[in-house]
Amino acid sequence: MRIAVIGGGPGGLYFAYLWKKRHPEDQVDLFEQNPADATWGFGVVFSDQALEFLRTDDPETVDAIAPHMESWENITLNLGGDSVAIDGVGFSSIGRLELLKFLQQRALDAGVTPRFDTPIHAIDQLNGHDLIVAADGLNSLVRRAYEGDFGTSLSYSSNKFVWYGTSKRFDTLSQTFVKTDRGAFNAHHYRYSPTMSTFLVECDHATWQAYGFAYKDVEQSKGVCEEVFADTLGGHCLVSNKSVWRNFPWVWNEHWSFKNMVLIGDALHSAHFSIGSGTRLAIEDAIALVKALESDAHLTTALLRYQAERKPVVQKLINAARTSAFWYEHFAQHMQMNLLDFAYSYITRSGRIDDSRLRHMSPAFMARYEAAKNGAGDGGDAADEATA
């Protein structure tokens, strides 16, 4: 079989590597419009659960990546000058470019033919390939060319966000919420290397307008964010990399394949950054697609199996991501809570964690939260308990 993979992100690279490794007789061509060393963004994050899922199917890759990852066991929330840790929420992170280089080498070693600096402008450029795997992201050429056949829907979250890096090293995955005289901001920040961290800034549309960000260039916007989060950054600067304000796009497709074309990753679906699952979903899509293709010699049947088996899993996570995003669209109101009530609202925001699971997952936090609630009745003294 001759396969074309469009897109050299984690999902495309991982599918190309995995298929070629398991089917060395097949031809796998990977097309990426950017150079091999180009990337936007900074770090990517995986939950412990996501890494264990990957380890089940490909322990060699996880074992090879793990030594290069930053890891921690807590989430830290910062609100109004106070902080609270939520224990037992394990994550690991790695620089996006470092991950891409690793997967590029993995694909090369398996025998994949990569073509960087090679944009695909029309599907007929790939005539002669038996299968086209569209891993070409949110602006997927394949999806846009046949959006009616894929049943594509597209909408946007109301909040604005901008993605930066910083040389400030943070101990855990952290959220810092800051109120100003013109609105509220939130920063998602975590280290992804010994010297660098991701720093994503978010605000609602009213705050974005109040600060005039629509009329500010990249450097001016960065300067405002550095001022708002001066205490958090501790004298460190923010680093831009195509760092422009955006609304998060919700991409969904009812049909995952059409003819000999199939979608994976962000080309297929998008999951809000607040649950940190974009890269995970792309890699898991690649694994699921490989398994489906191996299960049935008939391509159309195999692609339908991919959708039938994978779609319910993805839909469940996307629903949680939408619920999480809705919480963030109203984070300014949540900031009026005391610290522990705020933290409880945050950790249960997706609807996937109830009190029983939280007691098991985060016993220290839950003991502190429940003690504060029992002692104060309405939780009014929870912030004092959190910082005691």
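Note: hydrogens, waters and symmetry copies are ignored here, and every other heavy atom, side chains too, is used. We're numbering straight along the sequence, starting at 1.
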Donor-acceptor side-chain pairing of S197 and R169 below 3.5 angstrom = no

Consider only side-chain N and O atoms of Y164 and N241, and report whether a donor and an acceptor are under 3.5 Å apart.
-> no

Donor-acceptor side-chain pairing of N78 and S83 below 3.5 angstrom | yes

Within 45 degrees of the axis of the six-membered ring of W250 and under 6.0 Å from its centre: does R322 put its NZ or CZ there?
-> yes

Atom CD of E60 with >12 non-hydrogen neighbours under 6.0 angstrom | no

Hits for side chain to side chain contact (heavy atoms under 4.5 Å, CB included) against S153, two or more places apart or cross-chain, chain-then-number order -> W252

Side-chain donor-acceptor pair under 3.5 Å between D171 and W72, yes or no?
-> no

Only one of F273, F185, W245 passes ring pair (Phe, Tyr, Trp, His ring centres under 6.0 Å) with F161; say which it is.
-> F273

Atom NZ of K101: over 12 foreign heavy atoms under 6.0 Å | no

Are N127 and H129 close enough that a side-chain donor and a side-chain acceptor fall under 3.5 Å?
-> no

Report yes or no: does N253 contribute a side-chain atom to a donor-acceptor pair with the main-chain N or O of G151 at less than 3.5 Å?
-> no

Does a sphere of radius 6.0 Å around NE2 in H360 hold more than 12 heavy atoms from other residues, nucleotides or ligands, not counting ones at 6.0 Å or beyond?
-> no

Go through the side-chain N and O atoms of E370 and N374 and say whether any donor and acceptor fall under 3.5 Å apart.
-> no

Compute whether any side-chain donor of one residue and acceptor of the other, for T166 and H236, lie under 3.5 angstrom apart.
-> no

Can F170 and H188 be said to form a ring pair (Phe, Tyr, Trp, His ring centres under 6.0 Å), step by step?
-> CA-CA 11 Å; F170 297 99; H188 310 238; over 10 Å; no

Do S350 and S324 have side-chain N/O donor and acceptor atoms under 3.5 Å apart?
-> no

Is there a donor-acceptor contact under 3.5 Å linking the side chains of D355 and Y344?
-> yes

Report yes if the side chains of W256 and L303 come closer than 4.5 Å at any heavy-atom pair, otherwise no.
-> no

Would you check if the side chain of D217 reaches a backbone N or O of E219 as a donor-acceptor pair within less than 3.5 Å?
-> yes

Ring pair (Phe, Tyr, Trp, His ring centres under 6.0 Å), paired with H272, selected from F326, F248, Y156 = F248

Counting only N and O atoms by type, is there a donor-acceptor contact under 3.5 Å from the side chain of S270 to the main-chain atoms of V251?
-> yes

Salt bridge flag under 4.0 Å for residues D136 and R143 = no

Tell me, do D204 and E329 make a side-chain contact under 4.5 Å, heavy atoms counted?
-> no

Is the cationic atom of R368 (NZ for Lys, CZ for Arg) positioned less than 6.0 Å from the six-membered ring centroid of F365 and within 45 degrees of its normal?
-> no

Sequence neighbours left out, what passes side chain to side chain contact (heavy atoms under 4.5 Å, CB included) with T198? Give chain and number order.
-> F42, W163, Y190, Y192

Ion pair K259/D149, N-O distance below 4.0 Å | no

Taking the side chain as every heavy atom from C-beta outward, state whether K20 and R106 have any pair of such atoms under 4.5 Å apart.
-> no

Under 3.5 Å, is there a donor-acceptor pair linking the side chains of N247 and S157?
-> no

Judged by modelled atom types alone, do Y211 and T180 share a side-chain donor-acceptor pair under 3.5 Å?
-> yes

Run the ring-centre check on F331 versus F177 and record whether the distance is less than 6.0 Å.
-> yes

Is it the case that Q175 and N186 place a side-chain donor and acceptor less than 3.5 Å from each other?
-> yes

